[in-house]
Amino acid sequence: MTPRKVRVFSGIQPSGMLQLGNYLGAIQQWVAGQGEKINFICIVDLHTITVPQEPAVLRRQTRELAALLIACGIDPQQTTLFVQSHVRAHAECCWLLNCVTPLGWLERMTQYKTKAARQESVLTGLLDYPVLQAADILLYDTDEVPVGEDQKQHIELTRDIAQRFNGIYGETFVIPRPVIRESGARIMGLNDPTAKMSKSDPTRGHAIRLTDSPDEIRWAFKRAVTDAGREIRFSDDPARAGVNNLLQIYELLSGLSRPAIEAHFEGKGYGALKSEVAEIVIEALRPIREGFERLMQEPAELDRILAIGADQARAVAEPKLVQVKERMGFVLPT
Ligand code: ATP
Ligand code: LTN
């Protein structure tokens, strides 16, 4: 018997223009895994509405995200790229999983606690967010979930939910594992190397957006926070997090080894480090920005790609949902 191909699933929110951390922490891995594995990449619009959204903005950002993912190298011929709300099974499966998930498991989630603390009024969906994420993953018999470090707790919760369901109703779900790269798992804000770079932080100089102009990128790196030292070395020392962050970005985009990078910067100052990192980022993002602009001229083509993706996703998710309902004792429609 030939072994079953590894299945990969990941999701990303249309909550704003992608930043360098999304690209280096997640998307680069998704692109690299194409071909040898079965890949599903989902634009998780149902997750985005767990904090209030302007309808016109959500609609625009959803298409922009699809264009940007393709421009980053997600190939719709090799990856099923789709929008979560196009596949009803996700929301339905979330409800079923809600009914095997203790409330206490959700109240413990760090992302919930941080996001809830920022809101005046917390929506029920924000608390339930990780159960919808579990539904996304489990519907596709996923083996691997490539994500950034911040998502590890959600994938562990997904495993707990799957194990609990299997314990109650019998083997139904594959238990997925998070895949987190060592370098790039947590790209930090340029203005504050103690905080994760995030697409929803609007401060100028915090994040590099994938569509930023070369001048904007140079501006942000020039002001990147470093430290009072002068050594250009990889380090775990929190006081040197700024320089380490710049070196990690350089490492991921140059493909060079750490010793080769340290040798390259030997005897150079922080100013040179910042400008070399800025230039390598500009060159890496140039084809992405150009590809994005081209694709945004062809909205009908984008919608066609997403419609094909949704058909392919439904073909996997719907039979799985039927199996789950059958296990739980629902009378299935004939
Ligand atoms: P938001 O600010 O809206 O929460 P985000 O920038 O954190 O958004 P997500 O859509 O939540 O991005 O994440 C998409 C993927 O990018 C996830 O796998 C996440 O772990 C990864 N990711 C996000 N920020 C970083 C970062 N700074 N470093 C590494 N990976 C990241
Ligand atoms: N919560 C994730 C997005 C997400 C996801 C998923 C990631 C939704 N569903 C399934 C991996 C697998 C985030 O905010 N980055």
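Keep in mind that what you see is a predicted model, and the values were worked out from it rather than measured. Read the numbers this way: they start at 1 and go in the same order the structure lists the ligands and their atoms. In this chain, residues are counted from 1 in sequence order.
- Residue P146 has no N or O atom closer than 3.5 Å to an N or O atom of ligand 1.
- Nearest protein neighbour of atom 4 (O) of ligand 1, counting heavy atoms only, is K115 NZ, 3.9 Å.
- At least one N/O-N/O distance between Q133 and ligand 2 falls below 3.5 Å.
- The side chain of I137, and not its backbone, has at least one atom closer than 4.0 Å to an atom of ligand 2 (non-hydrogen atoms only; side chain from C-beta on).
- Put simply, the side chain of P52 reaches to within 4.5 Å of the side chain of Q119, judged on heavy atoms.
- Within the listing of ligand 1, atoms 18 (O) sit less than 4.0 angstrom from a heavy atom of V147.
- At least one N or O atom of Q19, backbone or side chain, sits closer than 3.5 Å to an N or O atom of ligand 1.
- For ligand 1 and A26, the ligand atoms under 4.0 Å from any heavy atom of the residue are 15 (C), 16 (O), 18 (O).
- Taking the six-membered ring where tryptophan is involved, the planes of F40 and F82 are perpendicular, since the angle between them exceeds 60° and thus also 30°.
- The shortest N/O to N/O separation between K196 and ligand 1 falls below 3.5 Å.
- For the pair I280/S254, a side-chain contact is recorded, criterion being any heavy-atom separation below 4.5 Å from C-beta on.
- Ligand 1 places these atoms under 4.0 Å from at least one heavy atom of D150: 19 (C), 20 (O).
- Protein heavy atom nearest atom 1 (N) of ligand 2, with residue, atom name and distance: Y129 OH, 2.7 Å.
- In V145, the part holding a heavy atom less than 4.0 Å from any atom of ligand 2 is the side chain.
- Residue-ligand proximity, G148 to ligand 1, at heavy-atom distances under 4.0 Å covers atoms 18 (O), 19 (C), 20 (O), 30 (N).
- Between E144 and R7, no side-chain nitrogen of the basic residue sits less than 4.0 Å from a carboxylate oxygen of the acidic one, so the salt-bridge criterion is not met.
- Near S200, with a cut-off below 4.0 Å to any heavy atom, the atoms of ligand 1 are 1 (P), 2 (O), 3 (O).
- The shortest side-chain heavy-atom distance between L81 and L306 falls under the 4.5 Å cut-off.
- Less than 4.0 angstrom separates some heavy atom of I12 from each of these atoms of ligand 1: 10 (O), 14 (C).
- Annotation: K196, atom NZ; neighbour count of heavy atoms from other residues, nucleotides and ligands within 6.0 Å is above 12.
- By the neighbour-count criterion of 12 heavy atoms within 6.0 Å, atom CH2 of W105 is densely surrounded, having more than that number from other residues, nucleotides or ligands.
- Annotation for R88: atom CZ does not count as buried by contact number, only 12 or fewer foreign heavy atoms lying within 6.0 Å.
- Rounding to the nearest 0.5 Å places CD1 of I305 at 12.0 Å from CD1 of I74.
- Taking every heavy atom of S15 and a limit of under 4.0 angstrom, the matching atoms of ligand 1 come to 3 (O).
- Considering CG of L210 and OH of Y23, their distance stands at 8.0 Å, rounded to 0.5 Å.
- Atoms of ligand 2 lying under 4.0 Å from any heavy atom of D136, numbered from 1 in the order shown and given with element: 6 (C), 8 (C), 9 (N).
- At under 3.5 Å, not a single nitrogen or oxygen of G11, backbone or side chain, sits near a nitrogen or oxygen of ligand 1.
- Within a 6.0 Å radius of NZ in K268, other residues, nucleotides and ligands contribute more than 12 heavy atoms.
- Residue, atom and distance of the protein heavy atom nearest to atom 30 (N) of ligand 1 are G21 O, 3.2 Å.
- Residue, atom and distance of the protein heavy atom nearest to atom 28 (N) of ligand 1 are I187 N, 2.8 Å.
- Taking atom 11 (O) of ligand 1 as the reference point, the nearest protein heavy-atom neighbour is Q13 NE2, 3.8 Å.
- Residue S10 has no nitrogen or oxygen atom sitting less than 3.5 Å from a nitrogen or oxygen atom of ligand 2, judged on distance alone.
- In this structure, atom 2 (C) of ligand 2 lies nearest to the protein heavy atom Q151 OE1, 3.3 Å.
- For N22, a nitrogen or oxygen atom sits less than 3.5 Å from a nitrogen or oxygen atom of ligand 1, counting backbone and side chain alike.
- The 12-atom threshold is exceeded at CZ of R258, counting heavy atoms of other residues, nucleotides or ligands nearer than 6.0 Å.
- Note that NE2 of H90 is 5.5 Å distant from CG of D136, once rounded to the nearest 0.5 Å.
- With a heavy-atom cut-off of 4.0 Å, Q13 touches ligand 2 through its side chain alone.
- Listed by number with element, the atoms of ligand 1 under 4.0 angstrom from any heavy atom of G25 are 29 (C), 30 (N).
- Nearest protein neighbour of atom 3 (C) of ligand 2, counting heavy atoms only, is G11 O, 3.7 Å.
- Taking every non-hydrogen atom of F9 and a distance limit under 4.0 Å, the qualifying atoms of ligand 2 come out as 10 (C), 12 (C).
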Check against side chain to side chain contact (heavy atoms under 4.5 Å, CB included), I12 and I27: CA-CA 9 Å; I12 185 157; I27 301 168; 4.3 Å; yes
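- Separation of atoms NZ (K115) and OG1 (T50) is listed at 5.5 Å; rounding is to 0.5 Å.
- Classification of R286 and E283 as a salt-bridged pair holds, one side-chain N sitting under 4.0 Å from a carboxylate O.
- Checked against a 3.5 angstrom limit, the closest N/O atoms of Q151 and ligand 1 fall outside it.
- The option from R186, K199, Q29 that lies nearest to atom 8 (O) of ligand 1, judged by heavy atoms, is K199.
- Remark: I161 CD1 to H154 NE2 distance equals 10.0 Å, nearest 0.5 Å.
- In terms of protein heavy-atom proximity, atom 29 (C) of ligand 1 is nearest to A185 O, 3.1 Å.
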